[in-house]
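We count ligands from 1, going down the list as the structure has it; atoms in each ligand are counted the same way.
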Amino acid sequence: MTITGILQVTDSRTGRSYELPIIDGAIRAIDLRQIKVADDDFGLLSYDPALLNTASCRSAITFIDGEKGILRYRGYPIEELARRASFLDVAYLLLRGELPAKEESAAWAAEVTNHTYVHENVKKFIDGFHHDAHPMGILVSTIAALSTFYPEAKAVSDPAGQQEQVVRLIAKMPTLAAFAYRHAMGLPYAYPDDELSYAGNFLSMMWKMTEPRYRPDPVLEHALDTLFTLHADHEQNCSTSAMRVVGSSRADPYSAAAAAAAALYGPLHGGANEQVLRMLNQIGSVDNVPAYIERVKRGDVRLMGFGHRVYKNFDPRATIIKGIADEVFAVTGRNPLLDIALELERIALDDEYFVSHKLYPNVDFYSGIIYQAMGFPVAMFPVLFAIGRMPGWLAQWQEGAADPEQKISRPRQIYTGHGLRHLDGTAG
Ligand code: CMC
């Protein structure tokens, strides 16, 4: 940490000047506390609703340059990882800082494969959900419930224990996700197949019927693996922040990951891919696109799958996904919703409203169309996002737990309510 400059501020209330060190392009909010009007003054706070301009941690995991459309995991461009690394190797990279060597990769895959089964009781409480329960609701609940099977996970500072829970969570996510789907369909649960890849095993647990062994289509298996990689981490987004905040209370990682998955569920975050599909279905045909665009510009609706808090020129994940779509459609046949999506994108990218607001397709705009072509029901889309994001949540959780600067998360507020008043109607 080197001081690269000094911010000089003068408080107009007192005329006093202060020097605040600038470190890595930031001042420390706590340095503002010395700025007071009187000795008993609490000190100046920074006010930042939705943390638009606040760095909440130092992190060596993921780098994003939103203006240039750059995304890197541990320094590697997402484009290279998506093309050349498996999802499990990317998970290893996020968690341990380096890509695994060949033998390490095989050992890591074997370790994950070893933990794909869930306790039989998990099936019992999934059975308790209503037949039309949203699979994301089931997933959030079952991730949290796993903490009751592994009480040793409470020892969050124990590195060996941490490692064990990390492997379990990555390994069991596809199982919980597929079980949630099978429950909704009234199908018997299909158990993990240890001979298959991470993505292949998930496809098997989703679609296997009476055949002795499910053989995933290699193109779809690879496409899904790449989609998981594209979702694997995205620095301090809403769900990752939830993971870190809950983790900061030293809650076990299952509880923290359930909170992260709950944050992901929202339609402005990982639930957006589901909303994109609903929107495309609602638009119905290419002819209706201009009228829909007008509704968006009037502020009646949002164009789901467009816009991003960080990316302001393009989302590199969306570009890669568009390429995957062609490979998938060569196997599954073209999703007719693609024409509506392409027309939406064409008009929007040319329209003053979207250009001036810097709104571009994000990762969710095309992922849903691919998932649907692969046969996933719309409600499973955020679940797929959650499977991919788990390694990122865990890497960020571990980093937070090891960071000596971190404490329990506890923001301040600016109180806007009543002054002192009494039940007898008097004040002050
Ligand atoms: N459609 C229409 N207008 C939009 C949209 C959109 N999708 N997104 C932002 N705007 C407008 C918004 O109305 C506002 O306009 P004005 O300044 O005139 O009031 C301006 O752009 C800034 O919007 P904001 O809500 O302040 O921006 P934000 O950074 O808080 O929100 C966002 C980012 C992703 C939540 C938002 O763009 C959005 O709601 N997009 C649709 C949902 C979506 O696709 N989410 C997935 C994000 S990518 C996956 C992930 O990481 O979760």
Side-chain donor-acceptor contact under 3.5 Å, Ser204 with Asn201
no

Applying side-chain contact (heavy atoms from CB on, under 4.5 Å) between Val122 and each of Thr175, Asp127, Leu176, report the one that passes.
Leu176

Would you indicate whether Arg410, at its atom CZ, is surrounded by more than 12 heavy atoms from other residues, nucleotides or ligands within a distance under 6.0 Å?
no

Could you report the tightest heavy-atom contact between Pro382 and Glu274, atom names first, then the distance?
CG-OE1, 3.4 Å

Exercise answer, ligand 1 polar atom pairs (N/O) under 3.5 angstrom:
from: ligand 1; atom 1: 1 (N); to: Leu303; atom 2: N; distance (Å): 3.0
from: ligand 1; atom 1: 3 (N); to: Tyr353; atom 2: OH; distance (Å): 3.0
from: ligand 1; atom 1: 7 (N); to: Leu303; atom 2: O; distance (Å): 2.7
from: ligand 1; atom 1: 7 (N); to: Phe306; atom 2: O; distance (Å): 2.9
from: ligand 1; atom 1: 13 (O); to: Arg302; atom 2: NH2; distance (Å): 3.4
from: ligand 1; atom 1: 15 (O); to: His357; atom 2: NE2; distance (Å): 3.4
from: ligand 1; atom 1: 18 (O); to: His357; atom 2: NE2; distance (Å): 2.8
from: ligand 1; atom 1: 25 (O); to: Arg302; atom 2: NH1; distance (Å): 3.1
from: ligand 1; atom 1: 25 (O); to: Arg302; atom 2: NH2; distance (Å): 2.9
from: ligand 1; atom 1: 29 (O); to: Arg309; atom 2: NE; distance (Å): 2.8
from: ligand 1; atom 1: 30 (O); to: Arg309; atom 2: NE; distance (Å): 3.4
from: ligand 1; atom 1: 30 (O); to: Arg309; atom 2: NH2; distance (Å): 2.8
from: ligand 1; atom 1: 39 (O); to: Arg302; atom 2: NH1; distance (Å): 2.7
from: ligand 1; atom 1: 40 (N); to: Phe306; atom 2: O; distance (Å): 2.9
from: ligand 1; atom 1: 44 (O); to: Gly305; atom 2: N; distance (Å): 2.9
from: ligand 1; atom 1: 44 (O); to: Asn362; atom 2: ND2; distance (Å): 2.9
from: ligand 1; atom 1: 45 (N); to: Leu268; atom 2: O; distance (Å): 3.0
from: ligand 1; atom 1: 52 (O); to: His269; atom 2: ND1; distance (Å): 2.5

Indicate whether any N or O donor in one side chain lies under 3.5 Å from an N or O acceptor in the other, for Gln236 and Gln396.
yes

Taking the six-membered ring for Trp, are Tyr198 and Phe87 parallel (under 30°), tilted (30 to 60°) or perpendicular (over 60°)?
tilted

